[in-house]
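These numbers were taken from a predicted model, which means no experiment stands behind them.
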Amino acid sequence: MEPYQEEYIANLKEISGLAAESRQELQSFDAFLEKKLACKKRHEQAVERNMTLLRENLFPLLDRLFEADGAELANLTEFAGVLFDGRNELDIGLFCQIHRALLSRARVQKDQNAMICELYWLGIGYNSLCSKLLGLDYAAGERYTSQMRLCFMEAAAYLKYFDEISDSGTKGYILRSRANVSLGQFKSPSEKIRLVKYTLQILQDKWYQEKAPELPWSRFIYMTHLQMAASISRSREKAMTPEDIAAVMESVYVVYDQQWAQAKENGQHPPVRATFSYDSINYYCGLNTLDELLHKMELLMDRAEENDYSPDGVYAMISLPAFYCNFLQENPEKLPERTEYLESLYRRASAYVAGFPRASENETLFFALRQLMLVFVETKNSMSYGTLLERLLIRFMPETYVHSCTVGKAAAAFCRVLLGEEPGFFDDMDFIREITDFREKENAVTDYARKCGLYHDTGKIGLTNLYALTARQWFEDEYTMARLHTQLGGERLANQLSTKRYAPVALGHHVWYDGSSGYPETYVRLESPYRQMVDIIGLMDWLDNVTYTSYLYTGMQKTFEEAVQEAALLGGKRFSPLLTERLMDKALSEKLEGVFKDSRRQACRQLYEAAKNPTLQ
């Protein structure tokens with residue numbers, strides 16, 4: 001690689017290390033805060049340096065890529081491979097930018113082999129982006145799924161020229177692209193299963209095998225069976241047909257038999273994932289009842305070792321309880337007799353995460369926890385859904401946690417002023433209007449404001465590489481993806497009774513007051529009884545972002561006074577004029593500035609306490 005590429009990679013790794021370093025327990029809070037601020041400063045410096053490296057070296061190269069020589073292209077490809085190798089991710093956004101440029105070059109030069117290769121790797125990059133949107137409604141994430149699938153479909157279309165292509169590597173990319181067409185979400189399980197089934201037919205076709213005997217056909221077939229085994233739909237809304245079940249069952253048995261044989265040879269139990277797939281498909285085809293399946297799942301979870309931090313251990317301790325929750329959601333009549341057991345699973349999972357080495361850096365663990373977050377079942381004695389979200393923010397996105405706490409406390413302070421002037425300001429909300437005592441109403445409003453602030457950005461959970469670990473300013477398509485955090489957060493909060501009233505704030509806090517801009521379009525201000533609080537959180541969120549939080553990925557920062565002046569200019573357009581008029585009061589704006597500063601410090605103290613006592617029980 002070129003020296004600038006090596007420096008960029010070193011900066012990426014340093015930024016990842018800074019995230020862990022800033023969480024280290026220190027002797028005092030002041031030392032902890034000093035370390036945290038030093039890490040933030042170094043992060044900002046690394047981002048600035050990375051942007052210089054890109055502007056002075058990479059971007060000019062991409063502009064003249066059609067004239068680049070072989071050595072430059074080889075270095076660029078190697079650089080992209082370090083940014084993301086299909087598993088380990090350092091900068092997926094830049095990876096996609098590079099492969100888009102290389103694909104354009106291959107198209108212009110009509111280099112078929114290079115084009116197929118670039119389509120494959122660009123599809124792999126897009127698939128990684130899709131995985132960040134776990135839980136998002138299919139229609140909302142369809143754009144990302146479609147661009148991924150189009151890459152794989154175009155590369156797979158060269159299958160009709162398989163006999164004419166001499167390069168075995170290119171043939172391998174075609175076949176792998178054919179298999180990867182079935183990645184991502186589908187409207188129905190039948191669509192996905194049909195595609196995987198067709199891929200298996202191709203891979204098992206002797207004609208193709210004879211045309212490229214050097215390819216690892218057995219591995220291709222086995223990996224596709226794994227893909228089919230993972231296609232089980234456990235949702236009543238997306239039920240499998242009998243034909244789907246038959247197709248999946250065949251692959252599940254192939255995978256289970258092979259992994260069982262390997263485990264027996266090594267004197268071990270079969271992997272939990274394969275065993276659960278085996279038990280699940282037996283339930284769906286009618287060989288077992290739901291009670292029998294749940295019992296088998298309980299045996300698997302009870303057998304899990306709490307100090308096994310391997311991917312199979314994570315699956316047993318976190319993913320399997322998530323599937324267990326999913327079955328209980330779909331069949332609530334099964335919950336009462338299993339409530340105590342479910343609560344014990346949560347306690348075990350909490351202790352497991354607390355003891356997990358470098359948990360905040362483990363993508364497998366984080367993915368499994370997001371699975372659990374999506375299907376979490378609250379019980380009388382379990383942690384609340386809000387507590388789960390707060391713990392995920394503290395553990396995996398501490399800067400977002402600090403920002404969220406700060407926004408909530410600033411909003412609460414602003415609400416006190418509004419209530420003092422107009423006690424009925426929030427009476428559009430039923431649960432506030434019902435309160436007649438002023439002090440009780442004030443406490444209810446300010447508590448609601450603090451929690452709205454705490455939960456308003458929970459949709460960012462999963463988008464860690466855009467926020468917590470960003471190593472440069474965002475590209476345009478990353479800005480577009482970041483906007484999905486409002487829908488992700490809104491949907492997650494709306495699905496739980498205890499957090500439902502916070503969902504409109506998560507959904508609408510980036511929509512402009514006059515409706516002329518912002519996102520998403522699904523939030524309509526005048527139709528929401530929560531609009532006054534949405535307006536307040538939107539303003540407080542913007543003030544904290546432009547003065548402190550978002551500099552890393554936007555490259556822009558204002559003083560608090562500058563931000564207040566700009567907010568006033570946007571009154572009646574982006575922000576509610578009822579709020580900006582009050583914000584112009586110098587005493588109030590100075591008080592708010594102090595609240596922002598003090599609240600950040602208080603939130604950092606909570607991170608310090610969490611670092612001292614990581615047990616999450």
Side-chain angles (χ1 to χ4, degrees), residues 403-456 501-502 504-516 518 523-548 558-600 602:
H403 165 70
S404 299
C405 289
T406 301
V407 167
K409 290 180 179 178
F414 202 78
C415 286
R416 284 195 184 91
V417 174
L418 294 169
L419 283 169
E421 297 176 1
E422 189 178 339
F425 191 83
F426 297 98
D427 281 359
D428 283 343
M429 295 182 282
D430 291 341
F431 76 99
I432 298 297
R433 185 174 59 253
E434 293 168 355
I435 303 173
T436 55
D437 180 78
F438 178 76
R439 290 303 172 199
E440 187 181 346
K441 176 176 285 194
E442 183 183 55
N443 289 337
V445 169
T446 53
D447 180 68
Y448 180 60
R450 280 192 295 271
K451 288 180 179 175
C452 282
L454 178 60
Y455 302 138
H456 82 284
R501 65 173 52 161
Y502 309 111
V505 175
L507 181 68
H509 68 278
H510 283 293
V511 175
W512 285 32
Y513 172 79
D514 66 356
S516 65
Y523 174 79
V524 181
R525 183 183 182 276
L526 292 179
E527 295 177 3
S528 174
Y530 301 90
R531 58 185 174 274
Q532 304 291 14
M533 189 60 75
V534 176
D535 292 345
I536 292 169
I537 295 295
L539 177 57
M540 297 301 109
D541 174 75
W542 182 83
L543 286 171
D544 192 55
N545 275 332
V546 299
T547 59
Y548 188 81
K558 301 177 186 294
T559 65
F560 196 82
E561 184 177 353
E562 290 171 341
V564 168
Q565 293 297 323
E566 184 170 340
L569 293 174
L570 291 169
K573 189 169 180 64
R574 178 166 189 166
F575 304 116
S576 166
L578 298 175
L579 306 183
T580 54
E581 286 173 12
R582 290 169 170 86
L583 192 62
M584 287 305 294
D585 180 273
K586 187 171 179 61
L588 176 57
S589 66
E590 289 178 350
K591 178 183 177 181
L592 274 177
E593 184 175 8
V595 170
F596 275 108
K597 183 177 179 180
D598 292 343
S599 298
R600 285 191 202 103
Q602 292 168 15

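- A heavy-atom distance below 4.5 Å is not found between the side chains of V546 and E562.
- When all heavy atoms are compared, the tightest approach of A506 to H509 is O-ND1, 3.1 Å.
- In this structure, OG1 on T559 lies 15.5 Å from OH on Y548, to the nearest 0.5 angstrom.
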TODO: Please step through side-chain contact (heavy atoms from CB on, under 4.5 Å) for the pair L454 and Y502, ending with a clear verdict.
DONE: CA-CA 10 Å; L454 178 60; Y502 309 111; over 6 Å; no
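- Put simply, the side chain of L570 does not reach to within 4.5 Å of the side chain of Y513, judged on heavy atoms.
- Nearest heavy-atom pair across A412 and R450 is CB-CG, 3.9 Å.
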- [ ] Report the C-alpha distance between K597 and E593 in whole Å, list the side-chain angles of each, state the deciding distance to 0.1 Å, and finish with yes or no for salt bridge (charged side-chain N to carboxylate O under 4.0 Å, His left out).
- [x] CA-CA 6 Å; K597 183 177 179 180; E593 184 175 8; over 6 Å; no
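- With a 4.5 Å cut-off on side-chain heavy atoms, V564 and M584 count as touching.
- Atom CG of residue D514 and atom CZ of residue F575 lie 11.5 Å apart, to the nearest 0.5 angstrom.
- In this model, a donor atom of one side chain and an acceptor atom of the other lie less than 3.5 Å apart for D541 and N545.
- Here the side chains of R525 and V511 are not in contact, with every heavy-atom distance at 4.5 Å or above.
- Of all heavy-atom pairs between Y530 and P504, the closest is CD1-CG, 3.6 Å.
- One distance of note links CG of L592 with CE of M540; it measures 5.5 Å at 0.5 Å rounding.
- Atom CG of L539 and atom OG1 of T580 lie 8.0 Å apart (nearest 0.5 Å).
- Residue T406 comes nearest to R600 through the heavy atom pair OG1-CG, 3.3 Å, listed as atom of the first residue, atom of the second, then distance.
- A heavy-atom distance below 4.5 Å is not found between the side chains of C405 and Q602.
- Within the 4.5 Å cutoff, the side chain of Y448 has heavy atoms near those of the V505 side chain.
- Under the 4.5 Å side-chain criterion, counting only non-hydrogen atoms from C-beta, F414 is in contact with L583.
- Atoms CD and CD, on E566 and E561 in that order, are 13.0 Å from each other to the nearest 0.5 Å.
- Considering every non-hydrogen atom in both D427 and K441, the closest pair reads OD1-NZ, 2.9 Å.
- Salt-bridge check for R582 with D585: failed, with every basic side-chain N at 4.0 Å or more from each acidic carboxylate O.
- To the nearest 0.5 Å, the span separating CG on D535 from CZ on R531 amounts to 8.5 Å.
- A donor-acceptor contact shorter than 3.5 Å is absent between the side chain of S599 and the backbone of F596.
- Taking the six-membered ring wherever Trp is involved, the centroid distance between the rings of H510 and H456 does not fall below 6.0 Å.
- By the 4.5 Å heavy-atom criterion applied to side chains, V407 and H403 are counted as neighbours.
- Counting only distance, with no hydrogens or angles, the side chain of S589 and the backbone of K586 share a donor-acceptor pair below 3.5 Å.
- Between V445 and C415, the shortest heavy-atom distance links the atoms CG1-CB, 3.8 Å.
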